[in-house]
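What follows is a short report on a single structure.
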Amino acid sequence: MKNIIQAVKGTREFYPAEMALRNWMYAKIKAVSQSFGYQEYDGPFLESIELYAAKSGEELVKEQSFVFPDRGGNLITLRPELTPSLARMVAQKQNQLVYPLRWWSFGPFWRYEKPQKGRTREFFQWNIDLIGVDCPEGDAELVAIAADFFKAVDLSSSEVKILVNDRRLMDKQLIKLGVTSVDQKKAMLGIIDRRDKLNEKDWEVYVLESGFSQAQLDGLKAVLNDKELYKTSPEMMRFFNALESMGVADYVDYDPRIVRGLDYYTGIVFEARDVGESSRAILGGGHYGNLVEDVGGTSLAGVGFAMGDVVLPLILEQFGKLPELPLNPAEVLVTVFDADCQVYSLSIATALRAANINVLVYPEAAKIGKQFKFADRVGVCYVIVAGPDERDQKILQVKDMRSGEQTSVKIGDLVDVIKKLMLP
RNA sequence: GUGGCUGUAGCUCAAUGGCAGAGUGCUUGACUGUGGAUCAAGAUGUUGCGGGUUCGACCCCCGUCAGCCACCCCA
């Protein structure tokens, strides 16, 4: 074991068990996305660094991305996010596409961060966007998709919550507090974002040290504690009303502390968290006013969110909701009694496969006990024994590994018997 | 990028600076044509890697790699 070259730091290896989970997540994501009529798409995994540099205020992209020169000396980036690629794809065909666009994607992304639990350098991410719509009901649709996804993976509204705020609503409150300049606003959003990370006293000191007055601090505290603030916003009332109609209101809470770090959000912002004390962010998104302007298109509003594949399994595990997935696609194992019977076993397996049954054949003659043990270990449900006695009598032994029951079956009845057993 | 904790058998973990261990799993047998259960026997280690201190290092020191935790950041 010592001379194995290590996998690249922060990358992930999907052994069959992990791959089964990833495919399970993908299937849930696909089903929910399609249930709202969204189309699957994807962008390149490699992009030039300019694509990300084009977005202002994103120096971090350069620092947190894998960047390397290609043979021509151009700087290539392993995509750290999908939104800029999406923006370009939309801009390139802006006049040919049918709006509103409903697009989703699930693919790999890379970020050069320090790996730890729930954070790797290589991860998969679900991105889903509704583009060309600028109304609270459109925003509500994305939140409903997130909630439906949680339902689909059996996470209840008491286990996860989608917390929502509106940047416009916060802007109004900040103006009331005399926070008017762009820099001040940015600082204030950072302060709000940090509220949960510091204890109250430290946070208050931090606010005052950031150049805000005691009056502003008091005002801010009042805003952040006002769970009813959304009622002053007609858009948010429409938004919550839409969620009610879609049957997911129990998953969604108004939370004035949610502001999200990203610059390009201009309306609704939201993030989903588990309700436990550790409370990790599972997904995040919001409404943006101009998706494609930065890459040369005309302004288009939209709303979307992204969910990584790393945190969700941790949350599922925490609530005991990890699915038990079958790891072996074969339902049947045909044993090989001895060398003389080997080709006979092969022909039986072939007949079963012809009837669309997945079959594993033991690869060589071995002690029958060893073969049963193998069947047990790989999770096969039915084992067929075809020894010399059976061959002479034109029968087979079929054993149900779960019940332990074994029956003799006429060779001509085998397919029917197996199919009947496999019915749920 | 900063700081801290950890790294020993496939896995979970022991071992005052003095012979490298347990549980579990694995292999084989009890069972000559049947898995799980029981019993018995057996195998398995570059103590992450590289240096140093020491008569002697899993243990102490330095470096390095990896994982975890807190920052930073969160697309």
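All chains are named by letter (A, B, ...) in the order of the sequence lines, taking the proteins before the strands, and each is independently numbered beginning at 1.
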When rounded to the nearest Å, what value does the distance between [atom1] atoms of [N] and [M] take?
N	M	atom1	value
B:C59	B:G52	P	14 Å
B:U38	B:C5	P	42 Å
B:G25	B:G17	P	33 Å
B:U2	B:A43	C1'	46 Å
B:A20	B:C58	P	8 Å
B:G48	B:U12	P	14 Å
B:U27	B:A14	P	27 Å
B:C55	B:U16	P	22 Å

Look at the side chain of [X] and decide which nucleotide, out of [options], has an atom nearest to it.
X	options	answer
A:Lys114	B:G35, B:G3, B:C72	B:G3
A:Arg119	B:U34, B:C69, B:C72	B:C72
A:Gln64	B:G36, B:C73, B:U34	B:C73
A:Val385	B:U34, B:C68, B:C73	B:U34
A:Gln397	B:C71, B:C73, B:U34	B:U34

Item to check | Position toward the 5' end of RNA chain B (nearest nucleotide), A:Asp193 or A:Gly118 | outcome: A:Gly118

Distance alone, cut at 3.5 Å: any donor-acceptor contact between the side chains of [X] and [Y]?
X	Y	value
A:Asp134	A:His287	yes
A:Tyr254	A:Asp166	no
A:Ser85	A:Glu47	yes

Item to check | OP1 or OP2 of B:A66 under 4.0 Å from side-chain N/O of A:Lys9 | outcome: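 Checking A:Lys9 against B:A66: at least one side-chain N or O falls below 4.0 Å of OP1 or OP2.
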
Checklist entry - Checking all strands, does A:Gly284 fall into the base, sugar-phosphate, or nothing category for heavy-atom contacts under 4.0 angstrom? => result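 Counting heavy atoms under 4.0 Å across all strands, no contact is made by A:Gly284.
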
Checklist entry - Which is true for A:Lys399 with a 4.0 Å heavy-atom rule: it touches a base, it touches only sugar-phosphate, or it touches nothing? => result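 Touches a base.
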
Can you tell whether the side chains of [X] and [Y] come within less than 4.0 Å, N to carboxylate O?
X	Y	value
A:Glu81	A:Arg79	no
A:Glu18	A:Arg12	no
A:Arg280	A:Asp274	no
A:Lys399	A:Glu405	no

Checklist entry - For A:Thr335 and A:Ala386, which heavy atoms make the closest approach, and how far apart are they? => result OG1-N, 4.1 Å

Checklist outcome for this item: Taking Watson-Crick and G-U wobble contacts under 3.5 angstrom, with | marking pairs to another strand and [ ] crossing pairs, the secondary structure of RNA chain B is written (((((((..((((....[..)))).(((((.......))))).....(((((..]....))))))))))))....

Checklist entry - Could A:Arg167 and A:Tyr265 be counted as a cation-pi pair, given that NZ or CZ must be under 6.0 Å from the ring centre and within 45° of the axis? => result no

Checklist entry - When you measure from the centre of the six-membered ring of A:Phe66, is the NZ or CZ of A:Arg111 under 6.0 Å away and within 45° of the axis? => result no

Checklist entry - Is a donor-acceptor pair below 3.5 Å formed from side chain A:Gln406 to base B:U34, judging by atom type as modelled? => result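 Yes.
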
Checklist entry - Would you say the base of B:C72 and the side-chain of A:Arg194 have a donor-acceptor pair closer than 3.5 Å? => result no

Checklist entry - How does each nucleotide of nucleotides 24-31 of chain B score, in 5' to 3' order, for protein heavy atoms under 4.0 Å: base (B), sugar-phosphate only (S), or none (-)? => result --SS-S--

